[in-house]
Number of protein chains: 2
Amino acid sequence: MTATPRLDPSLGSVELTRAICDIHSVSGEETALADAIEQVLRAAPHLEVTRDGDAIVARTNLGRARRAVIAGHIDTVPINDNLPTRLDDEGVLWGRGTVDMKGGCAVQLKLAVELTEPAVDVTWVWYDNEEVEATRNGLGRLARAHPELLEADFAVLGEPSNGEVEGGCNGTIRVELRFSGRRAHSARAWKGVNAIHAAAAALTILAEHEAEEVEVDGLVYRESLSAVGIRGGVAGNVIPDEAVVTVNYRFAPSRSGAEAEQLLRELFPGVELVVTDLSEGARPGLDAPLAQDFLRAVGGEARPKYGWTDVARFSALGIPAVNYGPGDPMLAHADDERVPVEQIERCEAGLRAWLTGEIRGN
Amino acid sequence: MTATPRLDPSLGSVELTRAICDIHSVSGEETALADAIEQVLRAAPHLEVTRDGDAIVARTNLGRARRAVIAGHIDTVPINDNLPTRLDDEGVLWGRGTVDMKGGCAVQLKLAVELTEPAVDVTWVWYDNEEVEATRNGLGRLARAHPELLEADFAVLGEPSNGEVEGGCNGTIRVELRFSGRRAHSARAWKGVNAIHAAAAALTILAEHEAEEVEVDGLVYRESLSAVGIRGGVAGNVIPDEAVVTVNYRFAPSRSGAEAEQLLRELFPGVELVVTDLSEGARPGLDAPLAQDFLRAVGGEARPKYGWTDVARFSALGIPAVNYGPGDPMLAHADDERVPVEQIERCEAGLRAWLTGEIRGN
């Protein structure tokens, strides 16, 4: 047994981010970090702490009229010679997790301890296994095992969004378009039916498709429709009897998954289409009163989120949710992952302003 | 050491076919069969026998004005519970090698021994390793090591052709069409360039292409142009930066390999095209005097051969060559490989008529 590493929430949020990054917490190996976070929270008498696996929930119970969830995942993708963290002369913090998403975790931890009387009740959540298959996701596990712990009027997920508010997220559906034919020797091609040739029309549809931009609750979501894989062929002298095109459609959150599937079926009439993966999107829900307060407090313009994030899990629970965290999402998982510390401090200030401000309706 | 199996050339050609089929001779394992054939030939004083590996050449030296090669390969593809041979009540001989091409081998062996004074000098050839990679091909090895042994005015290859004369063969070229793009996350497809989408136009060209029919020396060769493979894709959430379409073009023997390549380059302008495999075709050469005699003797109409065969090796040596053998080429390599014995007897009669007839110009 190694001793639980200690985290000091009185540190600045940048120093706390570094300390959290430097505790090994690749997906599935988050226990040491979860222990350290739990230890800090248990010392705060205003919080009711629940531990579930390597997820921790800490709730205020002030009897406020509204409750917000503020959540972040504590795992990272594997490190690649990019730890420990390093702070350069230009105020940029480098290393695995600096973007995705230890800055958000640190800001949460600092504010959870410091803000003993936030203007809304807060359910702080740190969870495990976000970077791996969905079945292991700690937030999903909490939602199944303890849905009452996640009840709220609004949720903020600290995923990297350059310190801007990114509302909701596109959904994603993956389908296989399957084409069949009849084998023959390629010296007598006319005796067979070429399944790869049969895929030509579908590829042309994909190549010529102009992805829509869809306005949802005031935000414009840009969709993407792409072939992400293709395979076919038996041997160099055989007319192939099968070809498969894998298509990924990222759809605006105004469409349900079923609608997205239907749209694909209409786009490829007569083609065998098999859904292999589907995650619903999440509407930004920025018309919720708490969302309006939040937006005013943190400032700036809300923008749409294109990538799928766990805000969709809140959406599925009926809770409007936004992404708001330091770091450029394009640098998530990159070996040169890095964040300007100014963004960490800005997010801390934004959340603090919101949680300490006078909240309408409270 | 097992004793050399014995073959009796006084048997009928059907019984001799069965005996040859029943000697194991999968490619690379032809020695026992080669030994048995050599033993029969060495006993015939009118033949000059040369052994090279598992290939045997037996030549008459009668001082005739013209010389013909009559050749066949003695190897088979692997057996699959389809030996020993079985003759059914309808006169069909079943089993590995019955089509490809032990019938031709048997007819050759019978006639080589019986026809002590053929009307043209004959170079009889049995060779190994036709069913495997070209570098192991026994006929190719003979052509490199003993080109003088193969000198002739005309060649007959006993490959299955339903007992009809099939002249020459199409050439075959295999190319990769390579498309490149730029990776991006599929949630932001507009930041990348999709290599699979880039392949759409080429697939459409392939799907819409109408293969030509080209008349060569009086025979009409039908070409084939086919995608035989396609691959692309990095991951289910990544815009792919590479896609490769493998194309096989079977081209009429009036075109050279270089012309076939040029034609493909013109069909796919601007596409990166890499030749991975090329075999020249063979003109039927039916205007050669010996070919005319042969056609008259065996009867029927000459037809074009679509599949590539070793006639192209003779063509490369400047020797007009035709395929003429029992068996349906569509059944070659099939588990239910089988030949009507009538075809074996017909081919024996055809060759016998030619080699014993009065040959013009002799």
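Each chain gets a letter, A, B and so on, in the order its sequence line appears, and its residues count up from 1. As the structure is a prediction and not an experimental result, all values here were calculated from the model.
- In terms of heavy-atom pairs under 4.5 angstrom with chain A, the leader among B:A187, B:C169, B:G192 is B:A187.
- Looking at A:T204, both its backbone and its side chain come within 4.5 Å of chain B, counting heavy atoms on both sides.
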Pair up each side-chain donor or acceptor in residues 267-279 of chain B with any protein partner under 3.5 Å, not counting sequence neighbours, and list the distances.
residue	atom	partner	partner atom	Å
B:T276	OG1	B:R174	O	3.2
B:D277	OD2	B:R174	NH1	2.4

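- The CZ atom of B:R188 sits 11.5 Å away from atom CZ of A:R222, with the distance rounded to the nearest 0.5 Å.
- Heavy atoms only, all atoms of each residue included: B:V228 and A:I196 are closest at C-CD1, 4.0 Å.
- Within 6.0 Å of the CD atom in B:E301, the count of heavy atoms belonging to other residues, nucleotides or ligands does not exceed 12.
- For the residue pair A:S226 and B:S186, no side-chain donor N or O sits within less than 3.5 Å of a side-chain acceptor on the partner.
- The contact list for residues 235-263 of chain A toward chain B, using heavy atoms and a distance under 4.5 Å, reads A:A235, A:G236, A:N237, A:V238, A:I239, A:P240, A:N248, A:R250 by residue number.
- Contacts with chain A (heavy atom to heavy atom, under 4.5 Å) involve these residues of residues 205-213 of chain B, listed by number: B:L206, B:A207.
- Residues of residues 303-315 of chain B that come within less than 4.5 angstrom of chain A, heavy atom to heavy atom, are B:Y306, B:G307 in numerical order.
- Of the listed residues (A:A201, A:A227, A:A200, A:G229), the one with the most heavy-atom contacts under 4.5 Å to chain B is A:A227.
- Top candidate by heavy-atom pairs under 4.5 Å with chain A, chosen from B:G233, B:G232, B:A195, is B:G232.
- Taken from CG in A:L225 to NE2 in B:H197, the straight-line distance is 6.5 Å, to the nearest 0.5 Å.
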